[in-house]
Amino acid sequence: MITWNNLDTLEAFKNLSKAERVNIAEAMSGENGAERVKTYSTPMAEGLAYNYAAKQVDDKLLEDLQKLADEAQLTEKFEALYNGEVINTGEKRMVLHHLTRGQLGEAVNADGTDKRAFYKEQQQKIADFANKVHAGEITNAAGEKFTTVVQIGIGGSDLGPRAMYLALENWAKKNDTFKMEAKFISNVDPDDAAAVLYGIDVAHSIFILVSKSGTTLETLTNESFVKDALKNAGLDASKHMIAVTSETSPLAKSDDYLAAFFMDDYIGGRYSSTSAVGGAVLSLAFGPEVFERFLNGAAEEDRLGTEKDIRKNPAMLDALIGVYERNVLGYPSTAVLPYSQALSRFPAHLQQLDMESNGKCVNRFGERLDYVTGPVIFGEPGTNGQHSFYQLLHQGTDIIPLQFVGFKNNQMNTDVVIQGSTSQQKLCANVAAQIVAFACGKEDENRNKNFEGGRPSSIIIGEQLNPETLGALLSHFENKVMFQGFVWNVNSFDQEGVQLGKVLAKRVLAHETDGALKVLSDLMNI
Ligand SMILES: O=P(O)(O)OC[C@H]1O[C@](O)(CO)[C@@H](O)[C@@H]1O
């Protein structure tokens, strides 16, 4: 029997609050530190490892976190989720994104079909379509091959797919699987669409309109913008556009598209990178085989999420350490710092994934919570971030837990030796140095140059960023966010908080405003 209880009612949480604080600076110094780096590491899928040596934990605290995981029934809740229970209570929906990449439990039937079979069928249809585009069997009206794919979508219909595309673009080029360049239009700012259209050859471009709901104003506006551009170029828009949407959306039955591929209401936008939402653009850009390899990496990592032992379940361990940092140590935010230029938009994706999921102040039953939930998430790739906001991370008044990601090898296989080391070595040296600098600090009589240390971090380490490791990385964070939502007893799968702004914007556009909104509308010249 699963029970959904608030975190502050759990005995394990009360004990956790009383646990002695670990001194990271001490723990990470000398032989102790060396031993921790070796032992506080949990294998992930595809050869990745989650290393938490520089987190504020010890064996006793890990036992306490295990008790919390058990009492909060995290494994059981995950099992209920992938077996098709209505976990998204706010919208009365199942949560099925794991089924887009594997079958962790029982068959889930809905809408008269087996859902795993449905997602695989869509993936196959996309693969067939992409193969035909690449083979020149689906072409523009002049019979010429499409060379560019442009995704039109926002939020989850943009951030995840865009981050994944950028993560694999160079890898695909190096591995001869690069098929088409991809561009993305998301912002309703007309300069976004205009800039993308300016830089491409529209006659050889295929546009993917991605909207689960089929009603998002920004996306529909950008669709019209693109259709106008196609018309102005003397082209038939319906021969250049495909749609990814849910079968119940207004777009599903439209004749305006060359083809339509489906996801459904059981996949939240921010969890949709492994569905047709990511599938269409990634299969067109890199080929369906690469997309499948990405799914396999995610599926393998998902399986680790079913482990009860937190030391064997990196996503659950990461989630619990995050809860400890947030609810016991009181840290307000978390920085995601990939030491990989290919992951330049990964933090932006995680912002939506984490904050839209767990930025909630009521529990699953709509009752106000007396404890804090999701932290502020932000980040930038290293080493760029080091020359930007790391000053605050090292010496600021807030302690901000850090999530590093690093790979031993680069994607392009091109490098240079300068001052006795390669660029890749410099990159890796920096991330190692940062972990110790944050943890141990450095005493200095000059207070301005003093580093207090005690700033916790973890790192996910891998050989190389490729389709499998990217899939595993994505799954890790999706499952981390899910487990944290379970612990906080919030519904991580709805997003009512985004509605009010949309409603008021519509009112402004309809000139139905008064008070401050009226004056602001006037100031903005609407
Ligand atoms: O795919 P859609 O339905 O256009 O929605 C786009 C995005 O808008 C949101 O609903 C928030 O406004 C996100 O959750 C979603 O990813």
Side-chain angles (χ1 to χ4, degrees), residues 87-97 100 119 122 126 150-165 184-189 192-193 207-226 241-254 256-257 260-282 345-360 374 377 474 477-478 481-482 485 490-506 509:
I87 295 295
N88 176 356
T89 42
E91 297 174 323
K92 301 192 177 42
R93 289 173 182 166
M94 299 184 285
V95 175
L96 301 184
H97 55 273
T100 59
Y119 299 134
Q122 293 308 313
I126 290 171
V150 183
Q151 175 133 331
I152 309 168
I154 198 164
S157 297
D158 165 61
L159 289 162
R162 189 196 293 250
M164 301 308 124
Y165 172 78
F184 296 82
I185 299 174
S186 56
N187 201 329
V188 78
D189 178 344
D192 190 11
F207 296 84
I208 318 177
L209 184 79
V210 186
S211 178
K212 179 171 102 171
S213 60
T215 59
T216 303
L217 191 58
E218 290 97 323
T219 301
L220 297 180
T221 305
N222 279 325
E223 179 191 25
S224 297
F225 201 110
V226 167
M241 285 206 145
I242 63 173
V244 175
T245 187
S246 62
E247 282 173 306
T248 49
S249 104
L251 306 177
K253 304 274 175 292
S254 165
D256 289 355
Y257 309 103
F261 305 106
F262 301 110
M263 33 107 71
D264 58 30
D265 283 343
Y266 312 120
I267 298 178
R270 55 199 176 273
Y271 296 92
S272 67
S273 294
T274 51
S275 75
V277 168
V281 66
L282 297 177
R345 290 298 286 170
F346 199 66
H349 170 55
L350 293 190
Q351 280 178 192
Q352 185 198 10
L353 175 67
D354 204 314
M355 294 200 273
E356 203 172 70
S357 296
N358 289 337
K360 315 269 163 82
I377 304 288
L474 179 76
F477 284 100
E478 286 183 358
V481 168
M482 170 194 73
V490 299
N491 175 12
S492 304
F493 304 102
D494 65 2
Q495 56 284 320
E496 292 303 326
V498 300
Q499 295 308 330
L500 178 59
K502 292 185 194 172
V503 170
L504 292 187
K506 275 194 183 146
L509 291 169

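For the single chain, residues carry numbers from 1 onward in sequence order. Ligands are counted one by one from 1 in listed order, and the atoms in each one are counted from 1 as well.
- Across all non-hydrogen atoms, the minimal contact from T216 to S211 is OG1-OG, 3.8 Å.
- At a threshold of 4.5 Å between non-hydrogen side-chain atoms, the residues Y271 and V95 do not count as touching.
- The pair D494-K360 meets the salt-bridge criterion, since a charged nitrogen lies less than 4.0 angstrom from a carboxylate oxygen.
- Each of R162, E218, Q151 was evaluated against S186; a single residue qualifies, R162, per the side-chain hydrogen bond (donor to acceptor under 3.5 Å, both in side chains) test.
- Contacts of V503 classified as side-chain contact (heavy atoms from CB on, under 4.5 Å), with partners at least two apart in sequence or in another chain: R507.
- Of the candidates Q351, E478, E356, R270 forms a side-chain hydrogen bond (donor to acceptor under 3.5 Å, both in side chains) with just one, namely E356.
- In this structure, ligand 1 sits under 4.0 Å from heavy atoms belonging to I154, G155, G156, S157, S211, K212, S213, T216, G269, Q352, E356, Q495, V498, K502.
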